[in-house]
Amino acid sequence: MLTLDAVLHGLATAADEPAQLLPARQQMAFTLGFHIILVPFGVALTSLTLIAHYRGLRHGDSTALLLARRWSKAAAVLFAVGAVTGTVLTFELGVLWPGLMGTYGSAFGFPFSIEGLFFFLEAIFVSIYIYGWNRLPPWAHFWTGVPVSLSGIGGTASVVAANSWMNQPGGITMRDGKVVDVEPAKVFFNGAFWGETIHMLLAAYIVAGFTVGGVYAAGLLRGRDNRYHRTGFLIGFVTAACLMPVQLLVGDTIARDVFNDEPAKFAAIEMVPTTDDHVPETLGGVMIDGEVRYGWQIPDLGSILADFSPSTTIKGLDAIPADVRPDDRTVSVVHLAFDVMVGTGSLLMLLAVWFAWLWYRHRRVPENRWFLRAAAVSGALAVVCLESGWVVTEVGRQPWTVVGLLLTRDAVTTEGNIWALFACVLALYCAVGAAAIWVLRSMRRRWRAEGDDNVTVPYGPAPEPAAARPGPREQ
Amino acid sequence: MQDTVAILLFVGVIAYALLGGADFGAGFWDLTAGGADRGRRPRHLIDASIGPVWEANHTWLIYCLVILWSGFPTAFTAITTTLYLPLVLAALGIVLRGAGFAFRHNALRTPEQRLYGAVFALSSVLTPYSFGAIAGAIASGRVPTGGNGNALTSWNHPTSHLGGVLAVVVCAYLAAVYLHVEARRAGDTALARYFRDRGLAAAAAAGAVSVAGIFVLRSDAERLFHDLSHVALPLVVGAAVCGVACIVLLLTRRRILLRQTAAAAVALVVCGWGVAQYPYLLGTHLTLDEGASPRATLQVLIVVACVAGVTVLPSLVLLFRLAGRGRLTIH
């Protein structure tokens, strides 16, 4: 979706825009889009690891312990990449968007200081946990992982607080274009805070869960049908599948909140040109010259989804003043991204239901090959869903950076050749991304060579903490 | 209140210099450790020492950035719109370094390890140089309040060159001293000697650069020179004393207080910069009062720092104690 955004926007630049606007937006979209893939693993993979770890210690399950140790190694690599790409984003906020940081830093900025606190705790305990295998007493080691999960949740809430404030800014007093007073609680817990935060946290667990489940589903498909693969599949997949219905409910609630609180974004999502009741729901399609083209329209459904009645009036794009109205391309991108998000989310929901049915029937990990094939790609599908969701909220806010207060073209830097910077960033991230995948694959190769069954597991299935014994060292 | 936030910001700068700086310095010694065979043992010690702590140490940079942009947003954007080139270079170094280090751990074959290692080591020099140059530019008043200062000349002048070179040398010095102590703790006398020699060399280089710096500052940054030689003089003298004491301790092979004196020398230099800068954020054209955020935001920052004091600090102590006791080392 991000590349689509790039292509669509690359075709035209309005004359009154600073030359830096387009490359700055594309660079921000690209780096955020890259970073957001790593976030679920930083936030949720540790929790999945702890589930396996707990099971291993509590029930003396050596397979679960082996999974936990391997997942923590993979999480370490992803966490390191996430930490550095996150640092780049903090630099970019200043280098690319001085209009945002300079004017609104006192409000938009401080949630990041809270995030910094959580990130600090996360970085410290991630190190202790990852390096603690075989060196700390088993249960003490387990507990060093818990702050990682908790601070992941706190960190997510803090960053999303800043983001949601841009969607529904509040808690500030402006005078002469400067922020003269800030009400921190109103900034942090702004109107969009709870919806966005819960939506993102669930998304993180869903992406991580389906990805982990998918990896082992692929292994099961290739005939590696053993306890190791079944346990790995179940921990990941079941976590994601259980959260999927909750996510659908949360998403549905947020859509109605957007209808009430962010009518401009809702008009773009639903692709409604003129304010009207009995608005149809358009699936697919694009906007050309202010008119909805192609796509499949279901009569009245748009209005019903917005407020449970066909006679609900939905504000159209015509209700937005012309100078801050999103152009056709922006509207099309937002609308299609929303469709992709809902479409992929629904597919994942169906997959979860399918799993529940198969489990109800057979009480074991499904052997149905079509199910396993679908499960194997569920991680990728979840990532697509996550990315398109962020496109909806970010592109859907345009032309604003802070709704009603700051236009993106006023937020962007006016100095420097950002295209050159973007090119460098693109090359760098491709290299880092390729290297990360390559390293993960080589880890997998090594683990496969070790085998899954006859490996001495970390501190063995210790019946009690005192019985810790050193296992083989990995490095 | 803005003074409190400025002090909190500076605590972060000092912590980043002492902890993050040492990690960068370790990368410098990695770079100069020679071929794959000859450099294997020092590289191994470097890996084992910084592996568990580098992410936590790196977080001090995030801490500084978020305090700066929330507490003093005008100064933050003035810096980012003027010094974007060295900032981009520093960020490039950070990405390559972090990724290179994480990947080197997990790469199996020597050629791959060599590639990731080279990336890690080269970027370990790039980043401290860039940060030193940025500090030089801020200290010598090259960043206009409104931002958008000259993108090239703002960080290519004697004070920035001095800052960059000093940062690289000081990082190397800190790392050599820390690694020397690590090696002695592990009972590896040959490696301890190896890093002792390098520590002495780096200390001598840092001393020489500092002395040269006196002349550079006198001709290039008069106000900074004046303040360093007046209000901040006790700190500068203290730094020199600690630097000499550290050399003496290294020469007499004492371990006690060795790391502390090395760290104190560096911390005092950074403090000296802070004191010389006070009460200005940028040059003599933007004061702390003028650049500060509204009161409520500053209060939030102070509360966050206090919470960090009771949560992050004990956790850091735990991490360093576990790492120090060898509970987290890898083999």
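Order of the sequence lines fixes the chain letters, A, B, ..., with proteins taken first and strands second; residue numbering starts at 1 for each chain.
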So for [X], is it side chain, backbone, both, or neither that comes closer than 4.5 Å to the heavy atoms of chain B?
{"X": "A:Phe108", "answer": "neither"}
{"X": "A:Val180", "answer": "backbone"}
{"X": "A:Leu428", "answer": "side chain"}
{"X": "A:Val126", "answer": "side chain"}
{"X": "A:Ala431", "answer": "neither"}

Output the option from [options] having the highest count of non-hydrogen pairs under 4.5 Å with chain A.
{"options": "B:Thr82, B:Ile62, B:Leu92, B:Asn148", "result": "B:Asn148"}
{"options": "B:Tyr84, B:Tyr63, B:Trp60", "result": "B:Trp60"}
{"options": "B:Leu96, B:Leu298, B:Thr311", "result": "B:Thr311"}
{"options": "B:Ser293, B:Ala151, B:Ala305", "result": "B:Ser293"}

Relative to chain A, which segment of [X] carries a heavy atom at a distance below 4.5 Å: side chain, backbone, both, or neither?
{"X": "B:Val95", "value": "both"}
{"X": "B:Leu83", "value": "neither"}
{"X": "B:Ala308", "value": "both"}
{"X": "B:Val303", "value": "neither"}
{"X": "B:Val88", "value": "side chain"}

Shortest non-hydrogen separation from A:Phe120 to B:Ala56 and the atoms involved:
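The pair with the smallest heavy-atom distance is CE2-O, 3.4 Å.
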To check you understand the geometry: which heavy-atom pair defines the closest contact between A:Tyr131 and B:Pro52, and what is its length?
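Distance-wise, the nearest heavy atoms are CE1-CA, 3.7 Å.
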When rounded to the nearest 0.5 angstrom, what is the spacing between [atom1] in [X] and [atom2] in [Y]?
{"X": "B:Thr59", "Y": "A:Ile124", "atom1": "OG1", "atom2": "CD1", "answer": "7.0 Å"}
{"X": "A:Thr90", "Y": "B:Leu61", "atom1": "OG1", "atom2": "CG", "answer": "6.5 Å"}
{"X": "A:Ser113", "Y": "B:Leu65", "atom1": "OG", "atom2": "CG", "answer": "12.5 Å"}
{"X": "B:Thr297", "Y": "A:Ile172", "atom1": "OG1", "atom2": "CD1", "answer": "10.0 Å"}
{"X": "A:Ile130", "Y": "B:Glu55", "atom1": "CD1", "atom2": "CD", "answer": "7.0 Å"}
{"X": "A:Leu96", "Y": "B:Thr81", "atom1": "CG", "atom2": "OG1", "answer": "12.0 Å"}

Would you mind telling me which of [options] has the largest number of heavy-atom pairs within less than 4.5 Å of chain B?
{"options": "A:Ala83, A:Ala123, A:Gly102", "answer": "A:Gly102"}
{"options": "A:Asp181, A:Val88, A:Thr173", "answer": "A:Asp181"}
{"options": "A:Val187, A:Thr413, A:Leu121", "answer": "A:Leu121"}
{"options": "A:Gly116, A:Gly109, A:Ala76", "answer": "A:Gly109"}
{"options": "A:Pro98, A:Cys424, A:Gly99", "answer": "A:Pro98"}

Stepwise side-chain contact (heavy atoms from CB on, under 4.5 Å) check, A:Phe110 with B:Val304:
CA-CA 9 Å; A:Phe110 83 79; B:Val304 167; over 6 Å; no
Under 4.5 Å between any side-chain heavy atoms of B:Thr77 and A:Trp97, yes or no?
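A side-chain contact is absent here, since even the closest heavy-atom pair is not under 4.5 Å.
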Contact check, side chains of B:His58 and A:Thr87, non-hydrogen atoms, under 4.5 Å:
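Side chain of B:His58 against side chain of A:Thr87, heavy atoms only: contact under 4.5 Å found.
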Taking the six-membered ring for Trp, are B:Phe131 and A:Phe91 parallel (under 30°), tilted (30 to 60°) or perpendicular (over 60°)?
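Judged by the thresholds at 30° and 60°, the geometry between B:Phe131 and A:Phe91 is tilted.
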Of all the residues in residues 67-76 of chain B, which have a heavy atom that comes within less than 4.5 Å of a heavy atom in chain A?
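Counting heavy atoms that sit under 4.5 Å from chain A, the residues of residues 67-76 of chain B involved are B:Trp69, B:Ser70, B:Pro73, B:Thr74, B:Phe76.
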